[in-house]
Amino acid sequence: SCCFLSENLINVVAFYRLPTDLVPKFYNITLWPRLSRHPDTGLYIFTGHSTVQFECVKETNLILIHSNKLNYTKLDEAHIVRLTASGGASAPIIKSTWLQPKTQYLVIELNGKLSQGQTYQLYAEFTGELADDLAGFYRSEYEEDGVRKIVATSQMHPTHARKTFPCFDEPAMKAVFHMTLIHPPGTVALSNDVVDATIDGVAVTQTKFEPSKKMSSYLLAIVVSDYTHLRIRIWARRKAIEQGQGDYALNVTGPVLDFFQSYYNISYPLSKSDQIALPDFYFGAMENWGLVTYRETNLLYDPATSSNSNKETTATIIAHELAHMWFGNLVTLRWWNEVWLNEGFASYVAYLGADYAEPTWNVKDLIVLDDVHRVFAVDALTSSHPLTSKEDSIVLPEQITEQFDTISYSKGAAVLRMLSDFLSETIFVQGLSRLFLKIFLQAVTDNDVLLPRPVQDIMNPWVLQMGFPVVTVDTASGKVSQQHFLLDPESNVTVDSPYKYEWPVPVRWMKAGEVQTDIWWLLEKEAVNPGMRSGASWVLANINVTGFYRVNYDLGNWERLFTQLSTDHQVIPVINRAQLVDDAFNLARAQLVSTTLALRTTSYLSLEMDFMPWQSALDNLNYYYLMLDRTEVYQPMQDYLKKQVTPLFMHFKNLTSDWTHVPEGHTDQYNQVNAVRTACRTGLTECQNLTSTWFRQWMENPQHNTIHPNLRSVVYCSAMAAGGEAEWEFGWIQFKEASLASEASKLMSALSCTSDTQLLQRYLSFTLNSTLIRKQDATSVITSVAANRAGQSLAWSFVRDRWEYMFTQYGVGSFSFASMITGVTARFSTSDELQQLEEFVEQNGAAGFGSASLAVDQALERTRANIKWLQQNQQEVLDWFSSQTH
């Protein structure tokens, strides 16, 4: 039996999911971060001790508990842990303990068995490095008034609590956390709950917190800093609070919390709400229960230097994180394969929360550009994946991280928005407060909602199979059909779906300017809707893009829509004007309509002053620029776009009385930026003179920057592109001295706009020196250099040459390798580039690509598709652009 045991033991220890024999009840944790280097090793460290109380629900002689990168102190009986039993019972003797780095376990083998129903305590003392790796308990550094300051902060999600103390680190293993932090006098300690007691010693202060709610380990948060705060407790560097950079977050948080309390019909579950801005932070933000952590750019807002886009980011991210305080934290998904429900839901209701806080913005419409269109691009590839994965397919920490992608957030949000639309918001919310997925059945029955099928039968095809349909309306016959929409028509779907890639499609539609009252459901591959046999009138389907699908029409109907656009475009709702452009360009990519037809959707733009259609057109033309800006098509394309944008540029010049103030409307402010960016980029002299003059005035008086915050990104980039080393050096100095994170980030991306390749080369080299560019920003510097047509090949060579060092040493935990690969390969469209990419994959195959594995596959697929697209379309595009400007 001994051999059997050891084989069994090997299996358990090699399996990434915890056995269910033991269930944690609570943790007592004391942590002491040292905010200065250890004199002997030169490292920053933390020490700690913890006790976890757990119940044995099935007898076993093995304790598995997560632990990663922690060193343990031997305790009295020569083992690194001590095991005791509650209530005077005796605990089995420890036979041996060891660490299993691959599966990140501390393994404790016992001489006897733990008894079912008995509770035990496991005590350990440990040391860890307080590294700058942005994971677990880590350090973040900044400078204030010439003094270097250290913050000890944390990011436990998804699998880093185990790097801070030994714990049962899976979301379903909820427990109560009793946290104590030891820290230098004069610093503040924060955690999920309120402070219970503070003991001020001479050498150190000890802060003990109230026990947390019963919660998942990934939601734990701890911070030690010398920050200060505002009332609902927005915490930030003292300087930032003094300058009023936390005020906007404070003003938004109250209304957003009020909105969610009434939305969920459950009052805010905690006794406090802390939000804190950190200089070094991997994600945009993290919804730790009661202590939400943010990148500075996302929480801090300075009206004098932040743009309306920064303001919108702050409002929507706060709403996203606070939505989790109920959905995600109070009610938690059992395992990471259901991430989409958690993140998709928070992404959707963030728009509702932000809309409540800022009702004049019409922010709810923007989900179509920011989420729906964005995720259509990914979900139309054969490498996409369904919203839900099988539980046993997500086990490794990197597989868990990979779940947090555009599909989970944006498709999740889009599909929930569609559900809310056909159920009605009221019933959607009722279903919610009954806590999901038993969900909507009861609410639907109670309200007699007329649905063609039960809710879960409508939703399953959208959740359990990847992709989405294109619905084709033939207005000559009234025939409506659907097919799985694939960007590359020659790609093969190798994954079988139980639903055969068909979907129950809710169609909201209008005819000749009249919105039809009822949703029409397409439940088969094809059906006839007699009302859509429209004769001389046009038909428009998927009103306001509430459905997650694209639409194609017979050519006659496209012609009638074009006529409507060029005579009176406002009869067509603004979201659908954006949709017509986006659908047409993507239908052309999929060879369902001609490329010329897609380009014709932009003909009416010289009459269009609204943001969404312009943004949609610019997003789609961006692909044409990536493919063609190194070919002969570049100039005719520039000339055409300059012709189309000039009226928009003039419109804003007049609206703002010659650029002396900003437009009233939130999206008008966005479109003003589009007008200036596009006019300058396409070579409109009046625009280039304007931006260069503004920048030069700032260079002459560096203390006084008069460029409006909304326009800074564009002006900085345009001036860098037109200027030389002097402009670049000035930009660099301003970047290093910027006290507001969002201002620094505008300068950081503008520095990559220069056309001087030596400066771009220098800038790339800065990304491997964290005193020049923070690790968390290195990826975005590399990708923005790659986005510059002068920097594309430099960035690709840089990533190829330094990949091994970045991937195995420098960027671990702080680089987003996936977006780096996507960024540097975005322009790839020749067989030569494909070969370089294949060689790169081969050379680094042995080390693997970790969380970038999916991105590498997508880059290969995208490059092959780009090569094909160029061969098929370059001539037609050249002919069309040339014919438009002569």
Students often mix this up, so state it plainly: with edges at 30° and 60°, are the rings of [X] and [Y] parallel, tilted or perpendicular?
{"X": "Tyr356", "Y": "Phe259", "value": "tilted"}
{"X": "Trp235", "Y": "His229", "value": "tilted"}
{"X": "Tyr716", "Y": "Phe695", "value": "perpendicular"}
{"X": "Trp659", "Y": "Trp694", "value": "perpendicular"}
{"X": "Phe766", "Y": "Trp728", "value": "tilted"}
{"X": "Phe327", "Y": "Phe345", "value": "tilted"}
{"X": "Trp732", "Y": "Phe735", "value": "tilted"}

Any luck finding a side-chain donor-acceptor pair between [X] and [Y] under 3.5 Å?
{"X": "Thr305", "Y": "Asp302", "answer": "yes"}
{"X": "Ser718", "Y": "Gln688", "answer": "no"}
{"X": "Asn310", "Y": "Thr313", "answer": "no"}
{"X": "Asp280", "Y": "Ser140", "answer": "yes"}
{"X": "Thr293", "Y": "Asn288", "answer": "yes"}
{"X": "Gln261", "Y": "Ser267", "answer": "no"}
{"X": "Asn671", "Y": "Asn674", "answer": "yes"}
{"X": "His373", "Y": "Asp619", "answer": "no"}
{"X": "Tyr218", "Y": "Thr332", "answer": "no"}
{"X": "His666", "Y": "Thr360", "answer": "no"}
{"X": "Tyr670", "Y": "Gln615", "answer": "no"}
{"X": "His324", "Y": "Glu343", "answer": "yes"}

How long is the straight-line distance from OG of Ser347 back to NE2 of His320, given to the nearest 0.5 Å?
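Interatomic distance, His320 NE2 to Ser347 OG, rounded to 0.5 Å: 4.5 Å.
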What's the spacing between Met179 CE and Asp193 CG if we round to 0.5 Å?
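Answer rounded to 0.5 Å: 11.5 Å.
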Do [Y] and [X] meet the salt-bridge criterion of a basic N to acidic O distance under 4.0 Å?
{"X": "Lys775", "Y": "Asp777", "result": "no"}
{"X": "Glu743", "Y": "Arg712", "result": "yes"}
{"X": "Glu608", "Y": "Arg577", "result": "yes"}
{"X": "Lys149", "Y": "Glu144", "result": "yes"}
{"X": "Arg237", "Y": "Glu296", "result": "yes"}

Check: Tyr409 ring centre within less than 6.0 Å of Trp340 ring centre:
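Not close enough - the centres of the two rings lie 6.0 Å or further apart.
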Where do Met325 and Phe260 land on the side-chain contact (heavy atoms from CB on, under 4.5 Å) test, with the steps shown first?
CA-CA 9 Å; Met325 298 299 112; Phe260 285 132; over 6 Å; no
State whether Tyr248 and Lys311 meet the cation-pi test: NZ (Lys) or CZ (Arg) under 6.0 Å from the six-membered ring centroid, and within 45° of the perpendicular axis.
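Relative to the ring axis of Tyr248, which defines the angle, Lys311 lies inside both limits.
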